[in-house]
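Only one structure is covered here, and it is reproduced in the block below.
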Amino acid sequence: MIETTPYSIFKVVFFYCAIILFAPITTFFGMKYFFFEGLIGTGNLASNVWSAVLAVVVLHIALGCFIYRAYFDGGKAKLDEKVD
Amino acid sequence: MVAIGEENPVYGPFFGVMGAAAAIIFSSLGAAYGTAKSGTGIAAMSVMRPELIMKSIIPVVMAGIIAIYGLVIAVLIAGGIGPASEEYTLYKGFVHLGAGLAVGFSGLAAGFAIGIVGDAGVRGTAQQPRLFVGMILILIFAEVLGLYGLIVAIYLYTK
């Protein structure tokens, strides 16, 4: 078990929050313009809907990863001692 | 270009625009309440148990996801809106308004639930760590309320 510090907790939380916030938006527009409309050539409505569904799926995968990490790694941090 | 008529009146897009606005406004309201309410719980809990920060940040993340649901539907609707003269019928406007309201109010409800559960759950987890699994389950059940709204909204949008 690697010893965790407040800074490493911040890094982990920041990383997962960035993924959760930006992955669905990137997936939506990336899939819509490059995959569905660019490569496959589906219609506007179908590509919109499928991109939205995929974005939500990616969002929940990222959330699941975060909960998994928090459940198994969280609460083991060794914090700085309070100085009086 | 189509002539403005009874099927596609000039005020038709108003309903669609209101749908897109309602989707993001009400989802954000719910997400803001969820974030603020569980945030006060985290702030109170972290004074004594700062090592539980990562576990207790989960309600805030879940509240943020409610807003992403609203954002997805708002972007979908905004992409489908056009001037009435380009065959934007009144029916389309009503469907878009319904989709926006569906995801908006479901998100509002889910955000309220996440906020209240998150506040109590985070404070409780600090005293009894075994509560964590229960808190996650309750949060997931609150979250799917917003997901149901999203599903109905996407289904309406494809009409």
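None of the values given here were measured: they were computed from a predicted structure. Below, read A as the first sequence line, B as the second, and so on, with proteins coming before strands; counting in each chain starts at 1. Any value given below was found using the heavy atoms of this structure, including those in side chains, with hydrogens, waters and symmetry copies removed.
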For the atom pair [atom1] ([X]) and [atom2] ([Y]), what is the distance rounded to the nearest 0.5 Å?
| X | Y | atom1 | atom2 | answer |
| --- | --- | --- | --- | --- |
| B/I65 | A/I20 | CD1 | CD1 | 5.5 Å |
| A/S51 | B/L76 | OG | CG | 8.5 Å |
| B/E143 | A/L63 | CD | CG | 6.5 Å |
| A/N48 | B/Y157 | CG | OH | 4.5 Å |

Could you see if B/L147 belongs to whatever hydrophobic cluster contains B/F141? Use Ile, Leu, Val, Met, Phe, Trp, Tyr and a side-chain cutoff under 4.5 Å. no
Should A/I9 and A/Y16 be regarded as members of a common hydrophobic cluster, given that ILVMFWY residues are connected when their side-chain heavy atoms come within less than 4.5 Å of each other, either directly or indirectly?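 As far as the 4.5 Å side-chain criterion goes, A/Y16 and A/I9 are connected within one cluster.
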Do the non-hydrogen side-chain atoms of A/I67 and B/V61 ever get within less than 4.5 Å of each other? no
Audit row: B/I68, A/L21, side chain to side chain contact (heavy atoms under 4.5 Å, CB included) steps and yes/no: CA-CA 8 Å; B/I68 298 183; A/L21 287 180; 4.3 Å; yes
Structural part of [X] lying under 4.5 Å from a heavy atom of chain A:
| X | answer |
| --- | --- |
| B/V60 | neither |
| B/L150 | side chain |
| B/I73 | neither |

If you check every heavy atom in residues 121-140 of chain B against those of chain A, which residues fall under 4.5 Å? B/F132, B/V133, B/I136
Could you walk me through whether B/I58 and A/Y71 pass the side chain to side chain contact (heavy atoms under 4.5 Å, CB included) check? CA-CA 10 Å; B/I58 289 176; A/Y71 185 69; over 6 Å; no
Please step through side chain to side chain contact (heavy atoms under 4.5 Å, CB included) for the pair A/F10 and B/I53, ending with a clear verdict. CA-CA 9 Å; A/F10 171 76; B/I53 285 280; over 6 Å; no
Taking every non-hydrogen atom, the tightest pair across B/I154 and A/V53: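 Of all heavy-atom pairs spanning B/I154 and A/V53, the closest is CD1-CG2, 4.3 Å.
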